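One structure below.
We use all heavy atoms of the structure for the numbers below, so side chains are in, but hydrogens, waters and symmetry mates are not. It should be emphasised that the depicted structure is a prediction, and the values quoted were computed from it without experimental measurement.
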Amino acid sequence: MATPTSSKKLSPISGFPEYLPAQQRAFDAITARIRQAYESFGYTPLETAAVERTDILIAKGIDAKEVYGLRRLAAQQGEGDDDTTGAKELALRFDLTVPTARYVAQHYAQLVFPFRRHQIQPVWRGERPQKGRYRQFHQCDIDYIADGAGNLPLAADAEILACAFTALASLNLNFTMRVNNRKLLNAILTDYGINTVAHRQQAIKIIDDLEKLSRSEILTRLGSLTPDAAALVAALKGEQPLRNTTTIYDGLREVNEVLERAQELIGDLRGGQLVADYTIARGLDYYTGTVVETTLQDAPELGSICSGGRYENLAESLSERALPGVGISIGLSRLATWLMSQEPWASFGATPAEVYVAYGVPGAAQALRAAGLKVEEGLDDKPLGKQLMQAEKRGLTHAVTARNGDMFILRNFKTRQEAPYGADYILKLLQQR
């Protein structure tokens, strides 16, 4: 007699999402569109190990409390740390940037630069789970990494923006991609009396919260750094013109050049807007040039679904070579969760099959597969009505119920009509629909 399973054992683990079959198919289809867009720009796929050495992960200032350590439940005596406790040595990756930095430094002699890579994999963070924030989630990253001996052209920034724009447009989204430049932002802050590196870093972190906090809170925080806080915020928001200094001019030139080049690459793709926004800060310290954030016009509550920027040294803590680059990341899990409530993703069936072949129709499944169709075949002699009802519940739209020579009786679940067709014609018919 089977022992009943406790409901506690079957309850979901908070922050580690799992999908039902139809949702998983939609998730995979969304991922495939993003991957196709990335590869259309020549970005090669990369997968790195789920596990990294802890000292590499936290070298960039990541809070150790958010990193999941890795260890075996039981260790063999005399084995090395890498294979036993692991809590000190090994951890699950926190993001895809650090593993890429380690990979490039490790394989530098075997790679050909510039190195264009895309990486679509899960990451793990010890955060408090809430709507849109998970402990395990997928990211879709692209990076253009230049050889340390050469310069990184602004055209690379434009290509990264255009590539991510193309990926989002392929999902039929209405979005706004907002672009700024850290050189420009630093020049503006200096112009308003925020002169030291430390104070500018403080200001950037405050500006990064501009949309989360009220204007009065922002002014109060910035007021400790500059007496012209109100004028600074007005300038950043475009409510008054920027002052004409050499460093501000140089920053504006870079922003405009990147936007113009990106727009040329994007062409007439619709659904998104590519605009300059001087309030975009990206609080991370390693950004040195272009920075970008993207929000959905139909779901602004999701926050930024695609962000990134330019950096001068990807592998600073891992290699003596300076490896400048520019990268951007689409937050796939957050975006896909919202998309799966929208059409056409919400209507995905639970099976990839295009047609169901009822039990006892000899050779039909083989002939239809040979014609190029995905086929699910009944394997037991349930009543035909029950077979068709279950097939329709799984999301199939057509079924073959009988065979007459080279002709197959095709049933349309929507109209409840049946008619004889050849295998090749069935393929064309379903492709048209």
Donor-acceptor pair, side chain of [X] and main chain of [Y], under 3.5 angstrom:
X: S307; Y: S304; answer: no
X: R33; Y: S170; answer: yes
X: Q390; Y: Q387; answer: no
X: S333; Y: F137; answer: no
X: N256; Y: L252; answer: yes
X: R125; Y: D95; answer: no
X: N412; Y: T415; answer: yes
X: R282; Y: R182; answer: no
X: N181; Y: K183; answer: yes

Would R403 count as a cation-pi partner of F408, with NZ or CZ less than 6.0 Å from the six-membered ring centre and within 45° of the ring normal?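 No, R403 does not sit over the ring of F408.
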Verdict with supporting geometry, L335 and L168, side-chain contact (heavy atoms from CB on, under 4.5 Å): CA-CA 10 Å; L335 176 60; L168 296 174; 4.1 Å; yes
Quick one: are [X] and [Y] in side-chain contact, heavy atoms under 4.5 Å?
X: L430; Y: L373; answer: yes
X: V98; Y: L318; answer: no
X: Q136; Y: E18; answer: no
X: R117; Y: L96; answer: yes
X: L396; Y: E354; answer: no
X: T337; Y: Y134; answer: yes

Could you tell me which residues satisfy ring-ring contact (aromatic ring centres under 6.0 Å, His included) with Y68, sequence neighbours excluded, listed by chain and number?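 Not a single residue meets the ring-ring contact (aromatic ring centres under 6.0 Å, His included) criterion with Y68.
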Hey, could you give me the [atom1]/[atom2] distance between [X] and [Y], rounded to the nearest 0.5 Å?
X: N180; Y: I207; atom1: CG; atom2: CD1; answer: 9.0 Å
X: F115; Y: L46; atom1: CZ; atom2: CG; answer: 5.5 Å
X: R35; Y: S40; atom1: CZ; atom2: OG; answer: 13.0 Å
X: H398; Y: F413; atom1: NE2; atom2: CZ; answer: 9.0 Å
X: I58; Y: K65; atom1: CD1; atom2: NZ; answer: 13.5 Å
X: L70; Y: T54; atom1: CG; atom2: OG1; answer: 9.0 Å

Salt bridge or not between [X] and [Y]? Use side-chain N to carboxylate O under 4.0 Å.
X: R411; Y: E418; result: yes
X: R178; Y: E211; result: yes
X: R53; Y: E89; result: no
X: E392; Y: R416; result: yes

Other residues, nucleotides and ligands only: do more than 12 of their heavy atoms fall within 6.0 Å of [atom1] on [X]?
X: D209; atom1: CG; answer: yes
X: E239; atom1: CD; answer: yes
X: E301; atom1: CD; answer: yes
X: K374; atom1: NZ; answer: no

Tell me every residue that passes salt bridge (charged side-chain N to carboxylate O under 4.0 Å, His left out) with R25, counting only those two or more places apart in sequence or in another chain.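 With neighbours one apart ignored, the set is empty.
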Applying side chain to side chain donor-acceptor pair (under 3.5 Å), can you list everything that pairs with [X], at least two apart in sequence or on another chain?
X: R102; answer: E52, Q106
X: Y43; answer: E159
X: T48; answer: Q119

What is the ring orientation for Y38 with H118, classed by angle as parallel under 30°, tilted 30 to 60°, or perpendicular over 60°?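 Rings of Y38 and H118: tilted, as their planes differ by 30° to 60°.
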Can you tell me how the ring of Y108 sits relative to the ring of F113, calling it parallel under 30°, perpendicular over 60° and tilted otherwise?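 Y108 and F113: tilted rings.
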Applying side chain to side chain donor-acceptor pair (under 3.5 Å) to Y19 and D28, what does each step give before you reach the verdict? CA-CA 11 Å; Y19 299 123; D28 290 347; over 6 Å; no
Applying side chain to side chain donor-acceptor pair (under 3.5 Å), run through T288 and E312 and close with a yes or a no. CA-CA 7 Å; T288 57; E312 293 305 318; 3.1 Å; yes
Candidate pair D298 and N174, rule side chain to side chain donor-acceptor pair (under 3.5 Å), full reasoning: CA-CA 7 Å; D298 299 325; N174 296 313; 3.1 Å; yes
Check: T290/E254 side-chain N/O donor and acceptor closer than 3.5 Å: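 Side-chain D/A pair, T290 to E254: absent.
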Under 3.5 Å, is there a donor-acceptor pair between the S14 and R135 side chains?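 Side chains of S14 and R135: no pair found under 3.5 Å.
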Got a list of side-chain donor-acceptor pairs under 3.5 Å for residues 257-274, not counting sequence neighbours?
residue	atom	partner	partner atom	Å
E257	OE2	R261	NE	3.4

Closest heavy-atom contact between L57 and L92?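 Heavy atoms only, the tightest pair is CD1-O, 3.4 Å.
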Looking at every non-hydrogen atom in both residues, tell me the closest pair between Y278 and A235 and how far apart they are.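 Answer, listing the atom of Y278 first, then A235: CD1-O, 4.2 Å.
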Please report the C-alpha distance between T397 and Y356 in whole Å, then the side-chain angles of each, then the deciding distance to 0.1 Å, and finally whether the side-chain contact (heavy atoms from CB on, under 4.5 Å) criterion is met. CA-CA 8 Å; T397 58; Y356 176 79; over 6 Å; no
What verdict does the ring-ring contact (aromatic ring centres under 6.0 Å, His included) test give for F165 and F175, after you've listed the backbone C-alpha separation in whole Å, the side-chain angles of each residue and the deciding distance to 0.1 Å? CA-CA 9 Å; F165 191 104; F175 61 93; 4.8 Å; yes
